[in-house]
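One structure is given here, and the rest of the page talks about it.
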2 protein chains.
Amino acid sequence: MVDANAQSEAYNAITYPENATASYPMNPEMIKVACSNCNLRELCMPVGLNHDEMVKLDHVVSTRKRVKQGGHLFSHGDPFTTLYAIRTGYFKTCVNTEDGREQVTGFQMAGEIIGLDGIVSDKHNCNAVALEDAEVCIMPFENVEELSREFPVLQRHVHKIMSREIVRENGVMMLLGNMRAEERLAAFLLNLVQRLHARGFSQSEFVLRMTREEIGSYLGMKLETVSRTFSKFSEDGIIEVKQRNVKIINPEALKQIYNPQTCT
Amino acid sequence: MVDANAQSEAYNAITYPENATASYPMNPEMIKVACSNCNLRELCMPVGLNHDEMVKLDHVVSTRKRVKQGGHLFSHGDPFTTLYAIRTGYFKTCVNTEDGREQVTGFQMAGEIIGLDGIVSDKHNCNAVALEDAEVCIMPFENVEELSREFPVLQRHVHKIMSREIVRENGVMMLLGNMRAEERLAAFLLNLVQRLHARGFSQSEFVLRMTREEIGSYLGMKLETVSRTFSKFSEDGIIEVKQRNVKIINPEALKQIYNPQTCT
DNA sequence: TTCTCTGTTTGATGTATATCAATGAGTTTT
DNA sequence: AAAACTCATTGATATACATCAAACAGAGAA
């Protein structure tokens, strides 16, 4: 029903120098990189730069780094030095209570920026875990700030990224505080499909990268409730679900269930 | 048991030119202002600036504005042009669903910055409502960005403020997604008292500026549950409550109830 | 193939919190 | 001072979701 690998591999096709790792013998996971010919540019970098500016911007990103499925890009308490732009793969960010409860605070995909939580205290305040083998661009925050002072358009872009994250979290608070299970899951699916569509994927079919438990953690419900709500949607003919393969049959019905907040 | 007005009036004592409003005849709510002698400086501005830098920073803040209790500092959809630093009074920020449900996304007090939600789309994405008569400093975002490019210390400060908001919201997501009513209220009270203490108020006694319903909206529970939980804490000898007056008798017990996340 | 493991689905039952309802306390208006 | 209003408290009952439990499905490993 859905090609399980299409989402990831579309971006694995990006080329970079074959000998890149050779210049960083101490860390084979580090890879040299240039934004100016990255096809995710519009997703993670400001638009409307001239050639000179693009060349300078290349210096923001120093190298790349690979993270295996289940691996931590960073963990709570790690010193913060850099932001990361996701190139391929999916991540979750999460915080934990002392007694081991986990709250997923977001799912991130290609082109999205991760690590903003670390700026305030120079330490990361959450964990970033790869949901599948992933590759990120390393953007040392010193560089970002330095170039931001030089390029107002980059400065504005950085501010917008942070503001977008604040607004996104406002929306999650609304979900968690005011909405019922069906509304939460509808909102989640609509958001996911919208972001995938912006990356050139189908508006209707996709593969979930996370478990029912992780979805539940994000949406403040138990995995059984997530599963039951999927089944309910399926019985109602709104979606087709088979394990992690999802096909949206009736997006309008989903939108109706998710009484959309005026603030989106 | 608690002096209901102390919190507000402590900051009303700040002086500013008596004839300030006269220079803005078109809008008597606008008041000229200087940060360099504002006693909230350390709360809303970076520390470690020399005299010249301070003078320049004064230009970030153009004027002040008063908002009456219940008045909107800004509303969802309003064009975004400026950040606001709260000088006196308390605010809530909230978002609404189409069908009228409200989610309070935060309570803000003196020295805190409000309006970051507007940067991403040049429109405000939430409402800011004064919980009591309030006064804010207007900081046109153009000015903030311009001076940020000039002063790395201000730039870093702005980034930290935005990052802090992201981390705060992560914590609220944890509350809403994983915690029970008692844990939520304990966390809320501890956070409030900590912020008030940082402003020179008592660590134990304070006056709530918001209704049970607003607390409930913030914490994802109904006003009756908020009230019952207050009563429970009171019966257990952890706090004393009378209407909006709260006295914390046993802060350790509160901390124990609020199984603190490792991420704070 | 069969075994094992992890993740998913579905059913039966329990519970924290919501809902409905009435009373009470403070504050402002008349 | 009484009336009218908003906000808070408390009780009785309802319910959405959690919890407990068992079966099931797909992916690797032996």
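All chains are named by letter (A, B, ...) in the order of the sequence lines, taking the proteins before the strands, and each is independently numbered beginning at 1.
When DNA chain D is scanned in the 5' to 3' direction for atoms under 4.0 Å from non-hydrogen atoms of chain B, the outermost contacting nucleotides are D/dC7 to D/dA12.
By the side-chain contact (heavy atoms from CB on, under 4.5 Å) test, B/Ser202 is found to be paired with B/Ser204, B/Glu205, residues two or more places apart in sequence or in another chain being considered. The ring pair (Phe, Tyr, Trp, His ring centres under 6.0 Å) search around A/Phe230 returns none, not counting sequence neighbours. Considering only residues two or more places apart in sequence or on other chains, A/Glu235 meets the salt bridge (Lys or Arg N to Asp or Glu O under 4.0 Å) condition with none of them. Not counting sequence neighbours, the partners of B/His72 by the side-chain contact (heavy atoms from CB on, under 4.5 Å) test are B/Ser75, B/Asn127, B/Val129. Partners of B/Ala186 by side-chain contact (heavy atoms from CB on, under 4.5 Å), not counting sequence neighbours, listed by chain and number: B/Phe233, B/Leu254, B/Ile257, B/Tyr258.
Residue pairs meeting the salt bridge (Lys or Arg N to Asp or Glu O under 4.0 Å) criterion with at least one member in residues 175-195 of chain A, sequence neighbours excluded: A/Glu112-A/Arg195, A/Arg180-A/Glu183, A/Glu182-A/Lys232, A/Glu183-B/Arg101. Sorted by first and then second residue, the ring-ring contact (aromatic ring centres under 6.0 Å, His included) pairs with a member in residues 207-229 of chain B read B/Phe107-B/Tyr218; sequence neighbours excluded.
A donor-acceptor pair under 3.5 Å links the side-chain atoms of A/Gln69 to the main chain of A/Leu131, judged by distance alone. A donor-acceptor contact shorter than 3.5 Å is absent between the side chain of B/Asn250 and the backbone of B/Ile248. In this structure, the side chain of B/Arg212 engages the main chain of B/Gln243 through a donor-acceptor pair within 3.5 Å. In this structure, the side chain of B/Asn178 engages the main chain of A/Glu102 through a donor-acceptor pair within 3.5 Å.
Residue B/Thr225 places at least one side-chain N or O closer than 4.0 Å to OP1 or OP2 of C/dA18.
Separating the CE atom of B/Met179 from the P atom of C/dA16 is a distance of 17 Å, rounded to the nearest angstrom. As a whole-Å value, the separation of A/Phe230 CZ from C/dT8 P is 9 Å. Between A/Lys222 atom NZ and C/dT15 atom C1' the separation is 14 Å, expressed in whole Å. The nearest whole Å value for the distance from the CG atom in B/Leu219 to the P atom in C/dA18 is 11 Å. Going from atom CZ of B/Arg212 over to atom C1' of C/dA18 covers 18 Å, rounded to whole Å. Between the C1' atom of C/dG7 and the CG atom of A/Leu131 lies a distance of 14 Å, rounded to the nearest Å.
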Distance-only donor-acceptor pairs under 3.5 Å for side chains of residues 220-227 of chain B, two or more places apart:
none

Using the 3.5 Å cut-off, write out each protein N or O paired with an N or O of nucleotides 20-25 of chain C and the distance between them.
| unit_1 | atom_1 | unit_2 | atom_2 | d |
| --- | --- | --- | --- | --- |
| C/dC20 | N4 | B/Glu224 | OE2 | 3.2 |

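Within residues 180-192 of chain B, no residue has any heavy atom under 4.0 Å from DNA chain D.
Rounded to 10 degrees, the angle separating the terminal axes of the helix from C/dT1-D/dA30 to C/dT30-D/dA1 is 30°, with each axis obtained from five end pairs.
Within 4.0 Å (heavy atoms only), B/Gly216 reaches no atom of the nucleic acid at all. At the heavy-atom level, B/Thr211 lies under 4.0 Å from the strands shown only through sugar-phosphate atoms.
Between B/Tyr84 and B/Phe74, the ring planes are parallel. Angles under 30° get that label, and only those over 60° would be called perpendicular.
Atoms CD1 and CD, from A/Ile238 and A/Glu252 in turn, are 11.5 Å apart once rounded to the nearest 0.5 Å.
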